[in-house]
Amino acid sequence: MKLVDEKAIRGVIHRAGNTRFNRLLLDALEEDFSRWESFNLSARHATHYPHGVFELMPCSDKRLYAFKYVNGHPRNTTSGKLSVVAIGMLADVESGYPLMICDMTLPTALRTAATAALAARHLARPQSSRLAMIGCGAQSEFQAVALRGVLPLDSVRYYDPDQAAMRKFRTNMEDQFTMLHPCGGVDEAIRGADVIVTATADKRKNVLFASALITPGTHIHALGGDCPGKTELPPDLLGQAKIVVEFARQATIEGEIQNSPGVKIHAELWEIICGNKAGRCSDEEITLFDSVGFALEDFSVMRLLYEMSSEYDLGMEIGLIPQPVDPKNLYGLLSAP
Ligand code: NAD
């Protein structure tokens, strides 16, 4: 069984190159979303506390079984901790033996951003050049970079009430975008945007902007609203938007649509990728990808990391599984030296 830690993951990305790794991840996600019906899919198991959430996210096909443990603790950054940390496991379906245990904190950000890009390819206007980033925390740069991989983005207007997060975003993105505009508030940041990403962390029903400020043609990628009681958008905007989700059963409980029970979901993302339903149909439509994060995305990034870390000989073998000489004599291990 292999341990692929954060250092090994960085090694994989450095060896492949950022751009190539992001493309391979996008391809892996597209391939897996295209064969949606061959997966065992279920909504995640969530355990809620007033200050955060713990989630277990399984997904498997005929060959591989994957699951992720992940938390969401929005106040963590005030004590120097990440809001979201995750660990994943990939196992062989035939024997049930684990193949890999890995860091999923970095891969969660990478797969969330690659899924955003996949959705934007179908839902944003192809000529979109202006991005608004609301919330400049851990996910933000991953989002901007992945979206720029599929859209001709040249400017980013960004806002976060935390000035240090704003400075960090600028430093990390300076070599990626020629036009970076720090803004004094959300309304200023979304003005004129083709694509809006909401990536805030706040465990409450927030309304980041008024729906009247959203102009026809805008694509919104809402990723911060991902738990019951944790949302970012004005509910009346949902009635005006073409809404796409990852997995309706989960999104209805956790996404923006939890606040608008009667609202129509246009499609699950896989239906658009497979061509069963249309993506954007006109330059005037407002599109919303109401993302909460789905286990299939973790499956895709884990299988890619397993393949690539094996190819590059990164990560290390660990002895987490006992190996008795006689598999029926587990008890005998107690007297082994
Ligand atoms: P983070 O804590 O690192 O950053 C969140 C940022 O939002 C902070 O800098 C905070 O100051 C800012 N913020 C809070 N209120 C704001 C407001 N009103 N306007 C602008 N900015 C505001 O969190 P993160 O790891 O970047 O995650 C962001 C959100 O995305 C979280 O809610 C997380 O649960 C969610 N998330 C979703 C997915 C998914 O697949 N949909 C995946 C990962 C994370």
Side-chain angles (χ1 to χ4, degrees), residues 29 44 46 48 51-55 57 68 70-86 88 104-119 132-144 146 157-170 172 182-190 196-210 220-234 244-247 250-251 253-258 269 288-301:
L29 281 163
R44 61 187 160 204
H48 296 278
H51 62 290
V53 63
F54 294 84
E55 294 165 338
M57 303 171 68
K68 179 172 86 172
V70 62
N71 80 315
H73 284 62
R75 289 203 302 266
N76 267 6
T77 50
T78 55
S79 52
K81 294 189 175 82
L82 291 154
S83 295
V84 178
V85 294
M104 275 296 284
T105 306
L106 202 49
T108 292
L110 290 161
R111 69 75 154 141
T112 303
T115 308
L118 193 55
M133 182 63 62
I134 311 303
C136 299
Q139 309 298 318
S140 58
E141 296 93 345
F142 294 92
Q143 289 285 320
R157 297 167 74 86
Y158 56 99
Y159 170 70
D160 193 302
D162 175 358
Q163 289 302 308
M166 295 270 280
R167 285 193 296 276
K168 176 234 26 161
F169 184 82
R170 178 169 203 102
N172 285 338
C183 294
V186 175
D187 293 3
E188 186 188 337
I190 64 173
I196 299 172
V197 173
T198 58
T200 68
D202 205 351
K203 199 153 176 16
R204 67 188 172 107
K205 291 191 175 182
N206 205 355
V207 174
L208 291 174
F209 47 76
I220 302 166
H221 172 45
L223 73 117
D226 58 357
C227 267
K230 176 166 172 269
T231 52
E232 301 177 299
L233 302 185
V244 175
V245 299
E246 290 141 314
F247 185 54
Q250 191 179 307
I253 300 164
E254 301 177 347
E256 295 299 324
I257 53 174
Q258 67 183 270
L269 183 57
L288 166 63
F289 182 41
D290 185 5
S291 162
V292 295
F294 187 52
L296 177 69
E297 298 149 24
D298 302 316
F299 178 99
S300 303
V301 73

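First listed ligand is number 1; within each ligand, the first listed atom is number 1.
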So, [X] side chain and [Y] main chain: donor-acceptor pair closer than 3.5 Å or not?
X: Asn71; Y: Val85; value: yes
X: Lys168; Y: Cys136; value: yes
X: Asp202; Y: Arg204; value: no
X: Glu246; Y: Val292; value: yes

| note | At under 4.0 Å between heavy atoms, what of Val292 touches ligand 1? The answer is backbone

| request: Between Arg111 and ligand 1, find which residue part has any heavy-atom pair under 4.0 Å and reply side chain, backbone, both or neither. | output: side chain

| message | Could you identify the single nearest non-hydrogen protein atom to atom 35 (C) of ligand 1 and state the distance to 0.1 Å? | response |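 Looking at atom 35 (C) of ligand 1, the protein heavy atom closest to it is Asp226 OD2, 3.3 Å.
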
| Nearest atoms (heavy-atom pairs only) where Gly293 meets Met57 | O-CE, 3.7 Å

| message | I'd like to know whether ligand 1 has Asp202 as a neighbour, heavy-atom separation below 4.0 Å. | response | no

| message | Quick check on Gly72 - does any of its heavy atoms sit under 4.0 Å from an atom of ligand 1? | response |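 The answer is no: ligand 1 sits nowhere under 4.0 Å from a heavy atom of Gly72.
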
Between the candidates [options], which shows the shortest non-hydrogen contact distance to [atom]?
atom: atom 12 (C) of ligand 1; options: Ile134, Thr200, Asp160, Val85; result: Asp160
atom: atom 2 (O) of ligand 1; options: Ala189, Ser83, Gly135; result: Ser83
atom: atom 44 (C) of ligand 1; options: Met133, Gln143, His73, Gln139; result: Gln139

| Close-contact set for ligand 1 against Ser291 heavy atoms, below 4.0 Å |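 It comes down to these atoms of ligand 1: 39 (C), 40 (O), 41 (N).
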
| request: Give the numbers and elements of all ligand 1 atoms closer than 4.0 Å to a heavy atom of Lys230. | output: 31 (C), 32 (O), 33 (C), 34 (O)

| message | Is there a polar contact between ligand 1 and Gly293, counting only N or O atoms under 3.5 Å apart? | response |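 Yes - when backbone and side-chain N and O of Gly293 are compared with those of ligand 1, one distance drops under 3.5 Å.
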
